[in-house]
Amino acid sequence: MPTLSVDHVHKAYGDTKAVHDVSFAAAPGRILGLLGPNGAGKTSTLRMITHITQPDSGAVRYDERPVGPWSQRRMGYLPEERGLYPDLRVKEQLVYLGQLKGLSADAATERVHHWLERFSALDWVDKKTDELSKGMQQKVQFIATLLHDPQLLIFDEPFSGLDPINSDVLRDIILELRRTDRTILFASHRMEQVEQLCDDICLMANGQVVLNGDLREVKQRFGTNTVIVRFDGSDAFIDDLESEGAVRVHARSAHRAEMRLLNETPARRVLQAALDTVDELHHFERTEPPLSEIFVEVVGEANAAQAAAA
Amino acid sequence: MHPIWIILKSEFWRRVRSKAFVLATLLAPIGIVALFALPGLLTFFAADSGDEPPVAVVDATEQLLPHLQEQSSSFTFVPANTSQEALADSVRAEVYSGYLVLPETLLQGEGMASFYRSSGGGLGTQNRIQNVVERAVRDVRLANEDVPDAVESILAASPSLEMRRITEQGDQADATLIYSAIGYMLAFVIYFAVFIYGQYVMQGVIAEKSSRVVEIVVSSVRPFELLMGKVLGIGAMGLVQMVTWGALVSGALAAAGPIFMLFMDPAAYDLAPDASQQAALEAAGITIPSLPLSLLVWTLLFFVAGYLLYASLFAAVGSAVERVQDAQSLMYPVFIPLLIPLLVIGVVIEAPNGTLSTALSFIPFFAPILMVLRSALTEVAIWQLALSWLLVMATFVGTIWMASRIYRVGIFMYGKPPSLRELLRWARYRP
């Protein structure tokens, strides 16, 4: 089974260390979420995986061979910054991009029709790309990524700019690709999407991997220290708990709150406080922290460590 | 299929099939002819003095004025009846374009004529007035001295020089002037073609970068292959255009002789009715330049080499910026070597086989224009052409290597356009 492995990779641009000793692996049939704030080195890492650039040291291997033109043909890449030739018609554009991936013109044409049909977009075939809406262009771009039936897929923020319906179509296709044992890399900073889709995560900050592993394991590592409440009535108890230093609130709306237990505060302490003040309690749950919290915490620590080192 | 070939084909077709390309290919020759004919036409109309006010003549000799009037078609000379002050006022009021004072002593071969005018008129007027006065004075003096007619006609005759060029078959009317014009034109065609197609390459690179599609393409092929495919594809388009133009011009020149024969009457030139086309044309004083095939072939070869050389540099500049406007300052180092040959065209036309002309035509950045110019003007040895062409191609290998190193870095650089120094530093980056 072909695996993608990034092995102690370094990359600097001039004096800027973009990627520093990064290692992780992505297995077929799984989705790896590559996370990190802006400037964490995600795009630099993806460009080395796609063989657009080469590491200064370390190696990127796919199927146990260093990546190169051969792997580019087995790989589909959807960059964060989308772009197509504005003056080419949809079909010509896609056939051209397919040919660059090594397809014959005939095979490319056939695949273009298949995928346009799948996206119910056959009537755009002869439209110029700049006549299409943003969402339509997104779909065309997505088709360009899948056209040559790649085994390794790299999506950089695939959902940005898509409406909910098309997001669903896209998510279904990504899940279908996982079922057919493709290796999928998914870079994003939208945590809820990562939680929904990914099997593994790799969190980067300041060019380094700060957290890496199976998503469920990672979450368990952070313990069930989070409480979610849904209620009607006064929410004064939340302010009380917070001012006591018993909890830290992650997310809060009129009838719902998500908070982290601090200083080994027992969960029942929150339940008690809530029952004392609210009119009705609909939901109480003790659970693992959401990925976004883990993200904030780990990245915060990494930044602090870097500031201390500097 | 090799990626370069796929890219070449795509870049070629998406341009060639456009209406703009078809129109430009068919209409540009007309435009070029108009461009070259225009200065001539303008001079022709400017020399027409039909609307110009007359020149007043203060003729103290009382003999010269009729001769002046008889001599000149471009000035209207009228006798002046007032004082010089009044004449000056009339010139200021533009009643006269000027006034000419001819002292009596002119007829003794002494003194000088004076021409008063308001500003303007240029050197052309001075020369023409001078000629007219000179001839009028000579005619009057010869008439006054009772010189025999024979002497008068000897003095009036001005033997002309006919230039003939020796060829394989014998000799024919020499057409140095026409070949200078052809060389001049070919030099400009190469200059414009290299510049315009180079701009196409630059704009293509910029469009690909600013639409961000370049990232998709270089995740499929090497940046060098993309650059090469683009340069070759646009070059193929240029070649199609140049060959079409060459065929149109050659066709027009080949048709010009027979068309002329249809309309000319051999008897008018004292020729036999079955006179050959060449004889007829020579008798009519018309030279239709024949463009030797070798000149056309070398023009195409040097166009291709010059285009490749400069297009690779234009591509490197394009990769550094996101908008065409930002490319201005980076373009000078590319543009200036292309411009220099145009500044020395005069020198080369003067002495196409001179040391300076020969030396300059071996400098790869100048060779495409200057070699074509030289071979239009004179016989250039094959080895010189071949060597110079190979030097351009060798330089191209160097520039495309350099350009592709800049290009693969430049296409991912967004934001402030770099300085030339930064651009050159990119060539040393590891991608």
Side-chain angles (χ1 to χ4, degrees), chain A residues 11-14 18 43-44 46-57 67-69 71-89 92-105 108 128-130 137 140-141 144-145 147-148 150 152 154 156, chain B residues 1-21 200 203-226 228-230 233 322 405 407-415 418 421-422 425-426 428-431:
Chain A
K11 180 78 187 171
Y13 295 103
T43 302
S44 298
L46 293 185
R47 282 190 184 152
M48 288 185 276
I49 294 172
T50 51
H51 194 61
I52 293 173
T53 59
Q54 280 98 57
D56 295 338
S57 66
V67 293
S71 65
Q72 286 184 328
R73 300 204 156 188
R74 291 174 61 179
M75 168 203 84
Y77 175 41
L78 182 74
E80 182 179 6
E81 298 277 4
R82 308 296 148 72
L84 293 164
Y85 291 100
D87 48 345
L88 290 192
R89 293 176 198 283
E92 185 184 7
Q93 173 119 243
L94 287 171
V95 170
Y96 176 55
L97 294 174
Q99 282 182 291
L100 292 181
K101 285 287 188 192
L103 290 178
S104 72
K128 274 196 178 179
T129 308
D130 60 357
Q137 292 190 21
V140 172
Q141 190 114 41
T145 313
L147 211 54
H148 54 296
L152 172 62
I154 295 151
D156 199 350
Chain B
M1 257 195 298
H2 196 278
I4 292 181
W5 177 244
I6 297 170
I7 295 164
L8 187 163
K9 271 203 327 195
S10 174
E11 293 282 344
F12 176 77
W13 276 115
R14 72 175 81 160
R15 288 181 171 80
V16 166
R17 66 180 174 211
S18 75
K19 279 193 202 80
F21 175 84
Y200 276 129
Q203 279 161 15
V205 169
I206 293 175
E208 232 167 26
K209 181 180 173 183
S210 57
S211 75
R212 314 272 174 156
V213 69
V214 69
E215 189 157 358
I216 305 259
V217 178
V218 297
S219 74
S220 309
V221 302
R222 289 165 57 208
F224 173 77
E225 291 168 333
L226 174 58
M228 208 54 196
K230 187 179 281 294
E322 286 163 76
R405 292 186 67 93
Y407 179 80
R408 64 188 184 177
V409 176
I411 47 179
F412 291 116
M413 293 288 184
Y414 291 96
R421 272 181 56 182
E422 283 172 274
R425 202 159 51 223
W426 291 353
R428 295 204 302 269
Y429 274 20
R430 187 193 156 89

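Because only heavy atoms are used, hydrogens play no part in the values below, and waters and symmetry mates are left out as well, while side chains stay in. Just so it is clear: chains get the letters A, B, ... in the order the sequence lines come, proteins before strands, and each one is counted from 1.
Chain A forms the most heavy-atom pairs under 4.5 Å with one residue out of B:Ser219, B:Ser211, B:Pro223, and that residue is B:Ser219. Of all the listed residues (A:Leu88, A:Asp56, A:Ile154), the one sharing the greatest number of non-hydrogen pairs under 4.5 Å with chain B is A:Leu88.
Only the side chain of A:Arg47 comes within contact range of chain B, with heavy atoms under 4.5 Å apart. No part of A:Met48 comes within reach of chain B, as not one of its non-hydrogen atoms sits under 4.5 angstrom from that chain.
Atom NZ of A:Lys101 and atom OH of A:Tyr77 lie 10.5 Å apart (nearest 0.5 Å). In this structure, CG in A:Leu46 is found 9.0 Å from CD in B:Glu215, a value given to the nearest 0.5 Å.
At a threshold of 4.0 Å, the pair B:Glu208-B:Lys230 counts as salt-bridged, since one of the basic side-chain nitrogens sits closer than that to a carboxylate oxygen.
Considering every non-hydrogen atom in both B:Lys209 and B:Tyr414, the closest pair reads O-OH, 3.2 Å.
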